[in-house]
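Because only heavy atoms are used, hydrogens play no part in the values below, and waters and symmetry mates are left out as well, while side chains stay in.
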Amino acid sequence: MGDRRRLYNLQSSRGDGHLVQSVSDDYDDEDLLLSGSRRQSPSFNYIKLCVIVFSIVAIFSSGFFSHILIVSFGKPASEHKIDNIASVIDPAKIREYHIELTKNTHLAGTPRNYELAQYIANKFHDFAFDSVELKNYSIRLPYPDKSKPNVVKLFDSSGAVRHTCRRIEKPLTDFEQDTPTTPLFNAHSKPGTVKGPVVYANYASKSDFKLLQDQNITIEGKVVLARYGGIFRGNKVQNAAEAGALAIVLFKDLADPGNKERFPLSEFAPSSSGERGTVGLSDGDTDTLGWPSVENSFIKADGELYSAAIISQPITGDDAMVLLRALPVNMGLKLPEEWQTGILGNTSFGIGTGAEDGPQLEVTVNVDIRRVNITNVIGTITGSLEPDRWVILGNHRDAWTYGAIDPSSGTAAVIEAGRALSHFLNKGWRPRRTIKLASWDAEEWGLIGSLEWVEENRALLEHRGVVYINTDIAEGGQCLRVDATGSPLYQNLTGTVLGAVNDEGFQRLDLSGSGSDMYGFYCYAGVSVINVNCQSYADVYHTIYDEQQLFEVVDKDYKNLAKVASSLTQLVVGVSEPALVPGRIVEYGNRIQEWWDMLKPKILQTFTRLDIDEELIHILDNTLFELGRAANTFKSEITDKLSSDSSALEVRRVNDKILQFDRAFLVDQKIPGTMFYSKNVLVSPSSTNLYMGSGFPGLLHAVSPTATKQEILTQLEYVRWALHAATAVLAS
C-alpha cells in the first residue's frame with residue numbers, strides 16, 4: 001500500500017529556516033515535514049533516454065520490474081568522492097550537541113524529549129537533508145505516580161520498621177542537586193503492595209533459583225532481593241515469578257570493587273547508585289501489537305498496562321547493604337563464590353532463611369498511566385541512482401535520567417555523522433542509495449518508537465531496506481572498546497571499520513538480541529542489521545550519575561566519541577556508496593553451519609527421547625549443504641561475471657539477492673518461546689536473556705525437556721523451508 005500520510009510544510013517565524021513550534025504537554029499529533037534543499041538531478045540527454053526506453057522494454061519482457069539504473073558497474077554514483085571521513089568529524093561539535101542533549105531529564109512522552117526531537121530535526125534541516133520528518137505515535141506509558149511514591153521498607157522480627165529505602169540516589173554534584181530527575185522505578189512492573197520474608201537470589205537466574213531449591217530454601221510467598229547483571233532485568237522478574245515470589249527488589253552492585261575512586265572522581269558508579277529500567281517482556285506498544293499506533297487508529301485501549309507478573313522495584317546499593325546485613329546467616333549453606341557482592345566485599349552475609357519470624361520486606365509500587373505522543377525524527381538524503389534503496393542509521397533519544405552515556409553519546413555521534421555527510425553533500429557528493437538518519441523515541445520502555453515505525457513501513461522496508469545500523473551507548477571511556485552484533489552479511493565491512501578504531505581489536509559480529517532498536521528491523525521486517533555499541537567502563541547506566549560531567553572523566557576532549565561517529569559514518573557510506581552491496585553470503589552460510597553444529601547434539605538427544613528417526617537430521621544437513629553450494633556459486637557469479645562492463649540491471653539483480661537473503665528466514669508466525677515480533681527462524685533474542693541473541697530460536701525452544709514430538713517437527717520444518725527459501729534466493 002502507498003504511504004497516505006499527510007505532509008505539512010512548516011513556515012518558520014524566525015526567518016532562518018529553523019523549525020519553530022511551541023512545546024506543551026498536548027502538542028498536536030501530526031506528521032510534519034521540513035523542506036530541505038533538494039538537489040535536482042541533471043537532465044537526461046537523448047542517448048540516455050534511449051537507454052532508459054530499451055531497459056524498460058527488456059525488463060517488462062522478462063517479467064521483472066525494478067528501479068531503472070543507467071550507470072555501469074564500475075562507474076561511481078557521484079563524480080565527487082568521499083575520503084578521509086575522520087578529518088571531518090569535529091569533537092567540539094559533538095561536545096556541543098552532547099551538552100544540549102543532557103541539560104535535563106528527558107523521559108519518553110515528555111515536553112523536554114519533544115524539544116530534543118525539534119533540536120535534532122533543526123540540525124538535520126541545517127545539514128540540508130532532502131526531507132526531515134517528525135512522526136508521532138499515540139501510546140500509553142506507565143510513569144511513577146508522583147502523588148503516591150514507590151516504597152521499600154524493612155521490618156524486623158518484632159514488626160517494627162527498621163529501614164526505609166531511598167526513592168532516588170543521593171546527589172553528588174551541584175547539577176544533580178539542582179536538576180530534578182526520575183525516581184527509582186521499573187517500568188511495566190505490576191502495581192500493588194506486598195509483604196513477605198526476604199531471600200537473596202544473586203542474579204535471579206534460573207540456575208540461581210535452582211541452587212536455592214537444592215539448598216531447601218523455598219521462594220514461594222517470599223520477596224526476592226537480587227542484583228542487576230548477567231541477564232535482562234525482565235527475565236529476573238519472570239524467573240522470580242515462576243519460583244513463586246511475591247515481588248523482587250533489584251539493586252545495582254559495584255563494578256570493579258577493588259577500585260576506590262568512584263563518580264564524580266572516576267567513571268565507576270558509587271554504592272549510592274540505583275538502576276531504572278523496564279521489566280517488560282513484550283516490546284512495542286502492547287495496545288496495538290501488529291499495527292502502528294497512529295492518530296486515527298481504531299483501537300484506543302485503556303485499563304491495565306503492565307507485563308510483569310509480580311511487583312518489581314529497584315533500590316540503591318547502599319540500601320541493599322542494609323538489607324543484606326539484616327539477613328540471618330544460613331548455617332551449613334554452601335554457596336558459590338560468585339554470589340559474593342561487590343558492595344559488601346569480602347564481608348560475610350546471609351541470604352535469608354525465608355522464615356516467617358525473620359526480617360520482612362514490604363514493597364509498594366504505584367503507577368500513573370498516561371496517554372502521550374512519542375516522536376521519531378527521520379532525516380533523509382535521497383540517493384542519486386538507487387533512491388528506492390535505504391541505508392538507515394538510528395539511535396534512540398529518550399533517557400531515564402540525563403542520559404549522558406545512554407543514549408546521548410550515541411545521539412551526539414549520529415548528529416555528527418549527519419553533519420559529516422552534509423559536508424560532502426556541499427562539495428557535490430551524493431550517495432548512490434538513500435540514507436536515512438533516525439532518532440527513536442520510547443526505546444527505554446520497550447523499543448516502542450522504532451517498532452511503531454517498522455510496523456508502519458514494513459512493506460517498504462521489505463522491498464527497500466538494505467541495512468539498519470544502530471548505536472546506543474557510543475562511549476567507551478578512556479579505553480575505546482567497540483563491539484557489534486548483527487547480520488554476518490556485514491562481518492567484513494564491520495570488522496574493517498571498527499577494527500581500525502578499537503583499542504582491543506575486533507573479533508566478529510555476535511548474534512543480536514533485543515536490547516536496542518535493531519530488533520524490529522531484523523526480527524520483524526527481515527532487514528540486515530549492524531548494532532554498534534561500546535563496552536563502557538562507566539557503569540552509571542540508568543542512574544542519576546549518567547550526566548555530562550561524567551565526560552570530564554571518561555572522554556574530556558570527546559576524542560573517543562569522535563572515533564565512534566567517524567566509524568558510524570564510514571559504515572553508512574560503506575553500504576550506501578558502492579555499486580555492489582558489500583554483503584558476504586559465503587561467510588553468512590558458514591555461520592549458519594556453526595549454529596547448526598552447536599545445536600545438533602541437543603536435537604539428537606531429543607530425537608532419542610521422543611523416538612524420532614535421525615534421518616530427519618540428515619535431511620537438514622543436506623539442506624544446509626545445498627545452501628552452502630548456492631552461496632559459493634553466487635560468489636563465483638560475482639567474481640567471474642561482474643565487471644566494469646556489467647549492466648546496471650545485472651548489478652541490481654545481484655544486489656537484490658543480497659538484500660533478500662536475510663528476508664528468506666522470516667515466517668508468518670511468532671517463533672515459540674520468543675516475543676511477538678520474533679518471526680525470524682534463524683536468529684532471535686534468547687528466551688532466558690533478551691539482551692542476547694540465539695541461533696535457531698524455535699528449535700532451541702523445541703529441544704527443552706517438556707517439548708513434544710509435534711513441536712520439534714514443526715520447528716524443523718520451519719527451518720528446512722527457510723533454508724530452502726534462502727537457497728532459492730541465491731539460485732533464482
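Exactly one residue among Tyr541, Tyr545, Tyr143, Phe185 makes a ring pair (Phe, Tyr, Trp, His ring centres under 6.0 Å) with Trp400. That residue is Phe185.
Side-chain contact, Thr105 with Arg112: no donor N or O sits under 3.5 Å from an acceptor N or O. Ser528 and Asp662 share a side-chain donor-acceptor pair at under 3.5 Å. When only modelled atom types and interatomic distance are considered, Asp130 and Thr380 share no side-chain donor-acceptor pair under 3.5 Å. For Ser293 and Thr288, the side-chain atoms include at least one donor-acceptor pair closer than 3.5 Å. Defined by atom type and a distance below 3.5 Å, a donor-acceptor pair is present between the side-chain atoms of Asp406 and His396. Side-chain N/O atoms of Asp472 and Asn533 include no donor and acceptor closer than 3.5 Å. Thr173 and Glu547 share a donor-acceptor pair across their side chains, judged by distance under 3.5 Å alone.
Closest non-hydrogen pair, Val454 versus Gly520, comes out as CG1-O, 3.8 Å. Summarising the geometry of Tyr402 relative to Thr179, their closest heavy-atom pair is OH-O, 2.6 Å, with the distance given to 0.1 Å. Heavy-atom minimum distance, Val553 versus Pro264: CG2-O, 3.5 Å. Here the closest heavy-atom approach between residue Val564 and residue Cys534 is recorded as CG2-SG, 3.9 Å. Considering all non-hydrogen atoms of both residues, Ser567 and Leu498 come closest at CB-CD2, 3.9 Å. The two residues Arg458 and Lys679 make their nearest non-hydrogen contact at NH2-CD, 4.2 Å.
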**Request:** Show your reasoning for whether side-chain contact (heavy atoms from CB on, under 4.5 Å) applies to His188 and Trp445.
**Result:** CA-CA 8 Å; His188 296 108; Trp445 305 78; 4.3 Å; yes
**Message:** Assess the residue pair Lys123 and Glu416 against the criterion (salt bridge (Lys or Arg N to Asp or Glu O under 4.0 Å)); give the C-alpha distance rounded to whole Å, side-chain angles, the decisive distance to 0.1 Å, and a yes or no.
**Reply:** CA-CA 10 Å; Lys123 289 298 179 186; Glu416 181 62 3; over 6 Å; no
**Item:** Candidate pair Arg419 and Phe127, rule side-chain contact (heavy atoms from CB on, under 4.5 Å), full reasoning
**Value:** CA-CA 6 Å; Arg419 193 191 66 82; Phe127 300 158; 3.5 Å; yes
**Request:** Evaluate the side-chain contact (heavy atoms from CB on, under 4.5 Å) criterion for residues Leu493 and Leu571: first the C-alpha distance (whole Å), next the side-chain angles of each, then the deciding distance (0.1 Å), finally the verdict.
**Result:** CA-CA 7 Å; Leu493 173 66; Leu571 288 173; 4.0 Å; yes
**Derivation and outcome, side-chain contact (heavy atoms from CB on, under 4.5 Å), residues Asp90 and Tyr558** = CA-CA 9 Å; Asp90 186 350; Tyr558 284 78; over 6 Å; no
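Put simply, the side chain of Ile392 does not reach to within 4.5 Å of the side chain of Val527, judged on heavy atoms. The shortest side-chain heavy-atom distance between Glu443 and Ser516 falls under the 4.5 Å cut-off. Put simply, the side chain of Trp390 reaches to within 4.5 Å of the side chain of Leu460, judged on heavy atoms. Contact of the Leu461 side chain with the Arg663 side chain is not registered, since no non-hydrogen atoms from C-beta on lie closer than 4.5 Å. Side-chain atoms of Ser408 and Tyr97, non-hydrogen and from C-beta on, never get closer than 4.5 Å to each other. In this structure the side chain of Thr401 never reaches within 4.5 angstrom of the side chain of Thr543, judged on heavy atoms. Residues Leu107 and Glu444 fail the side-chain proximity criterion, which asks for heavy atoms closer than 4.5 Å. Side-chain contact between Leu116 and Ser439: absent, with no pair of heavy atoms (C-beta onward) separated by less than 4.5 Å.
Under a 3.5 Å cut-off, the side chain of His542 and the backbone N or O of Glu275 do not form any donor-acceptor pair. The closest donor-acceptor contact from the side chain of Asn395 to the backbone of Thr411 lies under 3.5 Å. In this structure, the side chain of Thr569 engages the main chain of Ala565 through a donor-acceptor pair within 3.5 Å. No donor-acceptor pair closer than 3.5 Å links the side chain of Arg389 to the backbone N or O of Val466. Side chain of Asn426 to backbone of Ser422: a donor-acceptor contact under 3.5 angstrom is found. No side-chain donor-acceptor contact under 3.5 Å links Glu577 to the backbone of Val573. Looking only at distances, no side-chain donor or acceptor of Gln548 sits under 3.5 Å from a matching main-chain atom of Thr102. Proximity of a side-chain donor or acceptor of Arg233 to a complementary backbone N or O of Tyr228 within less than 3.5 Å is not detected. Formation of a donor-acceptor pair under 3.5 Å by the Ser384 side chain with backbone atoms of Pro431 is found in this model. Checked by atom type and distance alone, the side chain of Asn680 pairs as donor or acceptor with a backbone atom of Tyr522 at under 3.5 Å.
A distance of 12.0 Å separates OG1 in Thr110 from CD1 in Ile374, rounded to the nearest 0.5 Å. Between atom OG1 of residue Thr181 and atom CD1 of residue Ile168 there is a gap of 5.5 Å, rounded to the nearest 0.5 Å. Between the CG atom in Asp441 and the CG atom in Asn136 there is a gap of 9.0 Å [rounded to 0.5 Å]. To the nearest 0.5 Å, atoms CG (Leu447) and CG (Asp285) are separated by 12.5 Å. Taken from CD1 in Ile139 to CD in Glu452, the straight-line distance is 7.0 Å, to the nearest 0.5 Å.
The pair Lys103-Glu100 counts as a salt bridge, with a side-chain nitrogen and a carboxylate oxygen less than 4.0 angstrom apart. Arg95 has a carboxylate O that lies under 4.0 Å from a charged side-chain N of Glu552, or vice versa, which qualifies the two as a salt bridge. Comment: Asp555 does not engage Lys563 in a salt bridge, judged by the lack of any side-chain N to carboxylate O separation of less than 4.0 angstrom. Salt-bridge annotation for Glu456 and Lys135: present, with a side-chain N of the basic residue lying under 4.0 Å from a carboxylate O of the acidic one. Ion pair Glu133/Lys436 not flagged as a salt bridge, since none of the NZ, NE, NH1 or NH2 atoms sits closer than 4.0 Å to an Asp/Glu carboxylate oxygen.
More than 12 heavy-atom neighbours from other residues, nucleotides or ligands sit within 6.0 angstrom of CG on Asn84. Within 6.0 Å of NZ in Lys93 there are 12 or fewer heavy atoms belonging to other residues, nucleotides or ligands.
Classification of the His98-Phe551 ring pair by plane angle, with boundaries at 30° and 60°, yields tilted. Aromatic ring pairs are classed by plane angle as parallel below 30°, tilted from 30° to 60° and perpendicular above 60°; the pair Trp453 and Trp440 is tilted.
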